[in-house]
2 protein chains.
Amino acid sequence: MVKPEASSSTIKAKALYSLLYERDGSPAQAQRGREAVQMLLDYLAAVQFAPGYNHPNEKGDIILASAMVYDWCFHLMSAQQRAYVVARFTQLAATMEIGFPPSRQGPVVGHGSDNQLLRDQLSAAIAFYDEAPLVYNIVAGRFFADYIAPRNYAYAAQAYHQGASYGTVRFLADMYAAWIFRRMGAAPVFDPVQQMTPYHWLYTRRPDGQWMRDGDVYHSSYTNSREYWSEPLAFMLPATYYNNPTLKHEYLKQSLQPSTSFIHPKDSIWPILLGNTAMGSTPSPAALPLTKYFPDPAGLMIARTGWTDGIHVESGNVVATMKLGGDWFGNHEHYDAGHFQIYYKGGLAIDSGIYSGRDVADPSIPLEYGSAHDMNYHKRSIAHNTMLVHDPDENFDGYANDGGQRFPGDEPSSVAELANGYKVATVLRQQQVGGAAGAPDFSYIKGDLTAAYSSKVRQFQRSFVFLNLKNTDHPAALIVFDKVSASDAGFKKTWLLHSQFEPQISGDTVLIQRTDWDYNSTLQYNGKLINRTLLPANALLAKVGGSGNEFSVGGTNYPIQPEADYSTEEAGAWRLEVSPPGGNETDVFLNVMQVMDASSTLPALPTTAIDSALLAGVKIQDRVVLFSKSGLPLGGTVTVELPAHSASMQVLVADLQAGSWKVSKRGTDGPIEDEVSDGGGTLYFVANGGGVYDLQRK
Amino acid sequence: MVKPEASSSTIKAKALYSLLYERDGSPAQAQRGREAVQMLLDYLAAVQFAPGYNHPNEKGDIILASAMVYDWCFHLMSAQQRAYVVARFTQLAATMEIGFPPSRQGPVVGHGSDNQLLRDQLSAAIAFYDEAPLVYNIVAGRFFADYIAPRNYAYAAQAYHQGASYGTVRFLADMYAAWIFRRMGAAPVFDPVQQMTPYHWLYTRRPDGQWMRDGDVYHSSYTNSREYWSEPLAFMLPATYYNNPTLKHEYLKQSLQPSTSFIHPKDSIWPILLGNTAMGSTPSPAALPLTKYFPDPAGLMIARTGWTDGIHVESGNVVATMKLGGDWFGNHEHYDAGHFQIYYKGGLAIDSGIYSGRDVADPSIPLEYGSAHDMNYHKRSIAHNTMLVHDPDENFDGYANDGGQRFPGDEPSSVAELANGYKVATVLRQQQVGGAAGAPDFSYIKGDLTAAYSSKVRQFQRSFVFLNLKNTDHPAALIVFDKVSASDAGFKKTWLLHSQFEPQISGDTVLIQRTDWDYNSTLQYNGKLINRTLLPANALLAKVGGSGNEFSVGGTNYPIQPEADYSTEEAGAWRLEVSPPGGNETDVFLNVMQVMDASSTLPALPTTAIDSALLAGVKIQDRVVLFSKSGLPLGGTVTVELPAHSASMQVLVADLQAGSWKVSKRGTDGPIEDEVSDGGGTLYFVANGGGVYDLQRK
């Protein structure tokens, strides 16, 4: 097989040169253009692929080159040459994975959402239109029939469901299609909220230049610790399409970073074709709010304590992802509804497993999509910081019973199919409270995750409150409040917290440190996370992991090793498992995590459990967060005793009914009044020291 | 525009020559083949059509030539040349009426049922398959999805719904498809009853070489009286496909006749490709039964008194068509459920109007499909020998209110759509009785035609009995018995009988003569028809027609004139209208027609009305035919007095319940016994002279 990309770059370059500089001369003088035509024809005549539906990218690249030559050197080709290019297109395209007509793959996820149709076949379709309109009618027909609805549906999330690596390239494919139609003079084919999708990756950017892991990630397999993870065109195309300076800034930032990326080589033709050197970019992303909610079908909140621009591993900025979930899109999305992660001077609460690695026993064997590690561990709930409820009789299509979330089905192929069992979580409440605009003190999100599980779970609701403590020594805390009911009291519930290194358990508290150096000593992580389990009472804390047990499910390890020594995999090797001491149908979990420098000699912030008739919560630093113990929104009068505190405290009471609420501290004058909205259901007030407080709904 | 057929014949011939004689030589020696390739390429490069979806036949011919050259001279073409042929195919085919993909027209009737897909695109699809399988997948995909079901559905009728002219060419298109798939090695794509379809045209062949008119007819517009109407390939292709010697005989007969046909020139390539000189043919069609029933969805019976082979205008053979109907297929089918025709030495009871003619005021204006004449008269019930029930408020989509049958809808596009309101008639009974095998004395068919009309008709049932009198002087009679109930007694009922020349009315009897000579004096018709109206009692007989009133509907004439002086149009100019004298909801009509030589000096056969409590009927010659006056099948004992007759009489009693019946003539010994079957519902017996007969169901 001729290696397509090497050949096609020259052809494209000659064709582009001819378009730019040879247009005014006679066809005979258009030497580069004629060379492009002849090279393309020779290439098309020579290129062969193994039988079958395969090599979508390589075939797509030939098709793209064909389209460019056909369009740019049209006047240099005979009718027979043009027809030959079209004929070879139909032959090559027919053997792409998606086929031609492009009907073999779905339009929602998977390779059908890659460039095959959205860029390559569409480019050819438009180039050939005058002579072979059927190609356009077929390709654009499928596009308009099937591709727009699931994209607009997903764009509403302002996030992408295919994870940190595939998300960017799949979104880039969408943007090629958007641009191609724009360049035809068509109205925008997608909802303009499309431009918010890359904000997902702005918010998940870690100070070390990597992305918070999400779904199947391969950037980690080929980057070293000095690299800024990138997919520049996924930012450039929306930047110029929507004239969005924030995205342009990120594009420029990525382009300027060194990159060893070999999977998605920079193709210098696109900035020429679709770039815009005239438009400005923001100086940095600092102007963005620190917390962003990504609505359904993502159901995600990301809270940060600051922005870095480029690689600044020493930065004290915290990044926390709080995923509840919405629709499960499959393919590169994991069974990870309810999953949270925390980064502070290193990945502390992490996403475990490796997408693209090697067999431990025989490193010549790649382990990728669908490997035993992937299917039994990496994609599964057990590899994430969410809840397990173990029904010993549950069957996961023959894969390991991790006690986690159900398999909604095959990859969905339409929005209609998504509606049929793919909803795994519903956001019930979300609110940002306190602090200056864009820098909330409390970032709150609560959802119902029952649908993520089989009937073994009667109800599972999880609440996250991220506290930006605005304290350099103690920058942030994350409170996780869970109420879980199993359909059988005997089904063990396990609250998970994954870490790269071995956690240290002490009573109800666990310490996770991250102080590793990278292989070339330019990077030193220096973070630690302290979690205290306040509920359930007398919880059992256990750690699982270590050598030969890193990716264990029910006692069976599913090993994998990184692709390369220098890689930036953050696969984890340990997990904390928190379970109730006895068998109850319903349990409540309250865990409070705080982060600080690993090297700090300061004690962790004390955490004080608060327990009243209706409310459970915690005081940390000058913050109090309270939840309804029943999970139900409270009305009437709710009384709670706040612990002593020498100064005022910021109090967030979640799970309240909407309306006007009056807050009175017993033994003091004048009540505090506040409104509780439907959307948030939280009451926020500043308490003047400890004591008994009555919260009264008017 | 280059005239395609002239050019393409040479190309095809060279390609065929190359296939036959140049295969063994080197490509360089294949001179004719290389000429064919170059001529085709030149032709494809030069040919142009006016914009729009048009010229399906001319484009189809180019495509067919392309397919032949591509297939037969494949080794003489470069990959680019082949691709160019495919490209031009897609371009030309896209502008055919049916388009490419062939989705613009329906698969049941109309131009979508012509050669566009079934021959031309399919030929190209197969020729191009290795290099451009999509063409085949698209064309054959549509074929298998949409084309087979409506054809097999219609083939069950052993007749074709698109009339005498279009029927043959549309059926020929079916046969091209059948042959193409057979030559691919596929199993038969259609139900083998397909081969019976051309029997429709065997049975409608008149001794003068023309076909009994049916639907839109154009053969009459360009033939003279010495021509044998023909569509030879519509007989050759099924003859060789099914190895059917009767059809081969008819093919040979047609091929040997002189023909001035310019619409469907003989294409000498098809007998070479699909002919079979080795197979035999029957010496003549004489072996076929004289009466044939064409079941649903045709609901047609054709009765003859003999077979002629070729043009024998002097022949005494009678041909009578008795159409009840089934599904109305539209396009070239008329609103003619219940229509009958009689030919004897000339068209006597005829089908009126002209399909393809000229404007009377300005003969430069062609009047064809959709003309005022066509839409208000020619296609309508009033132009046929059926029943009108005139609701003065009925609206026929703005066309003239002829009192006739409803418009079921647009051209049906599937079998499913046919089921939705296109059923206009149901055959209730049919039977052939008496006489030697294949030469029945009585040919009987009865149906319910209520569905052909709007709600103005409560019920309309028509019975036909054709009597082969086996008498040279009086060869045949046709009895028509109708029971019609209108939803309003005020709606006038009119029984119609169309004639070419002015009828002569005398009391309850009308005489229609046909003695015209054709323009070159080689033809002389010599028939006459005498009809006597026995019911309703005191019926009003009126004639409508004559100069300036030939095609009158409600007092408005819709004139047309034949395409040419020499044409064989039999448009009619007069009609007999028979109506009840008063306004009754329900009326019964009994009309008895007999035919004889116009030049005969013999009196017509006397007809004797028979009327008993339950039965009404007629005696003619030695035949008695009786119907249930109520229309309901009779059981129990039915008594009827038969008129005096000096010898035995053959008696057919219709409308009886199935079972064993006993027939006794009062005052005589031993009863006659017979079985009445469910399918026929008739009792047949030989009566020994007149008298009172008791028919008793056991």
Side-chain angles (χ1 to χ4, degrees), chain A residues 37-48 51-53 59 63 66 69-70 74 76-96 98-104 117 121 124-125 127-142 145, chain B residues 37-48 51-53 59 63 66 69-70 74 76-96 98-104 117 121 124-125 127-142 145:
Chain A
V37 169
Q38 195 54 53
M39 286 177 73
L40 177 70
L41 294 172
D42 292 346
Y43 186 13
L44 289 174
V47 69
Q48 291 184 38
Y53 298 94
K59 290 168 183 169
I63 287 167
S66 298
V69 172
Y70 195 101
F74 184 85
L76 305 177
M77 302 173 75
S78 72
Q80 289 185 13
Q81 289 174 334
R82 290 179 201 134
Y84 180 71
V85 173
V86 175
R88 290 294 286 143
F89 160 80
T90 61
Q91 291 159 0
L92 287 166
T95 68
M96 294 174 93
I98 200 170
F100 182 78
S103 59
R104 296 177 56 86
L117 181 148
Q121 292 196 9
F128 304 159
Y129 184 74
D130 285 337
E131 295 72 44
L134 179 61
V135 177
Y136 176 83
N137 292 339
I138 286 174
V139 175
R142 178 97 204 271
Chain B
V37 170
Q38 194 54 53
M39 285 177 74
L40 177 70
L41 294 172
D42 292 347
Y43 185 14
L44 289 174
V47 69
Q48 291 184 39
Y53 299 93
K59 289 168 182 168
I63 287 168
S66 298
V69 171
Y70 194 102
F74 183 85
L76 305 176
M77 301 173 78
S78 72
Q80 289 185 14
Q81 289 173 334
R82 289 178 201 135
Y84 180 71
V85 173
V86 176
R88 290 294 285 145
F89 160 78
T90 62
Q91 292 159 358
L92 288 166
T95 69
M96 294 174 95
I98 201 170
F100 183 77
S103 59
R104 297 177 55 87
L117 181 148
Q121 293 196 8
F128 304 160
Y129 184 74
D130 284 337
E131 295 71 45
L134 179 61
V135 177
Y136 176 82
N137 293 338
I138 286 174
V139 174
R142 178 98 204 272

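Just so it is clear: chains get the letters A, B, ... in the order the sequence lines come, proteins before strands, and each one is counted from 1.
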Pick one of side chain, backbone, both or neither for [X], based on which atoms fall under 4.5 Å of a heavy atom in chain A.
X: B:P133; value: neither
X: B:L44; value: neither
X: B:F128; value: neither

*asked:* For the backbone of B:Q80 and the side chain of A:Q80, can you confirm whether one donor and one acceptor N or O come within less than 3.5 Å of each other?
replied: no
*Grab the two heavy atoms, one from A:A79 and one from B:Y84, that are nearest each other, plus how far apart they are.*
CB-CE1, 3.3 Å
*Just give me the residue among B:L134, B:L41, B:V85 that pairs up with chain A most often, heavy atom to heavy atom, under 4.5 Å.*
B:L134
_For a side chain to side chain contact (heavy atoms under 4.5 Å, CB included) check, start with the C-alpha distance between A:I138 and B:I138, then their side-chain angles and the critical distance, and finish with the verdict._
CA-CA 11 Å; A:I138 286 174; B:I138 286 174; 4.2 Å; yes
*With sequence neighbours left out, what residues match B:Y53 under ring pair (Phe, Tyr, Trp, His ring centres under 6.0 Å)?*
none
